[in-house]
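One structure is given below, encoded as C-alpha cells.
Everything numeric in this text was worked out from a predicted model, so none of it was measured.
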Amino acid sequence: MKYAYAALVSLAIAAGGVAVFTPRDDTTVPCAGAKALSTSSVAVGSDTVELTTFSCDAVPSAHKASPVAAASDACADTTCTNVCAESGSLPPTSEDCDKIFDAISIFNSSISTFTVNPNRATTLSFGTCRAFLQNFSPSAPLTFCWTDFAAVAAAAGKACFPPVQPVMSEGLCEAPEGVWRVGIAHS
Ligand SMILES: *[C@@H]1O[C@H](CO)[C@@H](O)[C@H](O)[C@H]1NC(C)=O
C-alpha cells in the first residue's frame, strides 16, 4: 500500500510540474483559510445535504500558470491526477458519500453546470463525507459540469478509500498547473 501511494504521488508530480505540489497546506478541507460565505441545503429523501461556498487563502506563486476558461456554458477540461492524502483519521463512509452523489444528481437535473469563483471552494457535505471543487485561480471563474464533478470525485474516492487504500481520508484530483482540484474527504 505504501508503494502504491508513493507511485501515485510521483505520478502527480510528473504530471503537474515542479511548483504545484510543494508542501503548502494542501490537505486542509476544502482549502487553507476557508471561511464560509454562504450555505444552502438540498433534501435527499429525508436527509439534508449542505452546499457551502468558502473563500480560500490566495496561493500566490503556484497557481497562476494557465488561466481557467472564462465562465460560460462550457464545462472545464477535467484532466487531473489523483493524489491520496490524510486530512483526518478515517475515510468517510461510502453511504454518506453516496448521499452527496444523490444530491449532485438533483442539482444536475435542474442545471448541468456550476461555477466556482476565483480563490473559492464549493463543497457538498453530509455526515462523514464532503466533496469539493477548489478554484485556485486568482482571477478566472471555473465552470464545471455536475456530471464531471461526480465522476472525478467518485474516481478519486475509489483510488484513495477502502478497499484500495485502507487509511487515507482524502482523495484529490489535481488539475495540471494546480489550477483547480476536486476532493472527496472525511468532513
Ligand atoms: C446529469 O444529467 C444528464 C442529462 O440528463 C445525465 O446524462 C447525467 O447522467 C446526469 N449526471 C448525474 C451525475 O446525475
May I have the step-by-step check of side-chain contact (heavy atoms from CB on, under 4.5 Å) for V49 and F126, ending in yes or no? CA-CA 5 Å; V49 172; F126 179 75; 4.0 Å; yes

Are [X] and [Y] packed together at the side-chain level, in the sense that at least one heavy-atom pair is separated by less than 4.5 angstrom?
{"X": "T122", "Y": "F54", "value": "no"}
{"X": "C80", "Y": "E174", "value": "no"}
{"X": "C56", "Y": "Q134", "value": "yes"}
{"X": "S94", "Y": "F161", "value": "no"}
{"X": "C97", "Y": "P92", "value": "yes"}
{"X": "L172", "Y": "F132", "value": "yes"}

Quick one: closest heavy-atom pair of [X] and [Y], and the distance?
{"X": "N82", "Y": "C173", "result": "OD1-SG, 3.4 Å"}
{"X": "I184", "Y": "A153", "result": "CG2-O, 3.5 Å"}
{"X": "K99", "Y": "V44", "result": "CD-CG1, 3.7 Å"}
{"X": "W180", "Y": "D77", "result": "CZ2-O, 3.3 Å"}
{"X": "A159", "Y": "V164", "result": "O-CG1, 3.4 Å"}
{"X": "I100", "Y": "S125", "result": "CD1-CA, 3.9 Å"}

Is a side-chain N or O of [X] found less than 3.5 angstrom from the main chain of [Y], in a donor-acceptor match?
{"X": "T128", "Y": "T93", "answer": "yes"}
{"X": "N135", "Y": "A140", "answer": "yes"}
{"X": "S137", "Y": "S139", "answer": "yes"}
{"X": "S187", "Y": "G127", "answer": "yes"}

Please answer: with hydrophobic residues joined when any side-chain heavy atoms are less than 4.5 Å apart, are M168 and L90 in the same cluster?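 No: no chain of side-chain contacts under 4.5 Å links M168 to L90.
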
Indicate if I106 and L133 have the same hydrophobic cluster label, given that clusters are the connected sets of ILVMFWY residues with side-chain heavy-atom separations under 4.5 angstrom. yes

Between [atom1] on residue [X] and [atom2] on residue [Y], distance to nearest 0.5 Å:
{"X": "N119", "Y": "C31", "atom1": "CG", "atom2": "SG", "result": "8.5 Å"}
{"X": "F144", "Y": "T113", "atom1": "CZ", "atom2": "OG1", "result": "11.5 Å"}
{"X": "S40", "Y": "L124", "atom1": "OG", "atom2": "CG", "result": "8.5 Å"}
{"X": "H186", "Y": "R130", "atom1": "NE2", "atom2": "CZ", "result": "11.0 Å"}
{"X": "E170", "Y": "Q165", "atom1": "CD", "atom2": "CD", "result": "13.0 Å"}

If only side-chain N and O atoms count, and only distance matters, is there a donor-acceptor pair under 3.5 Å linking T115 with T143? yes

F114 and W146: aromatic ring centres closer than 6.0 Å?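 Aromatic pair counts; centres sit under 6.0 Å.
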
Please report the C-alpha distance between D148 and T78 in whole Å, then the side-chain angles of each, then the deciding distance to 0.1 Å, and finally whether the side chain to side chain donor-acceptor pair (under 3.5 Å) criterion is met. CA-CA 7 Å; D148 293 337; T78 59; 5.0 Å; no

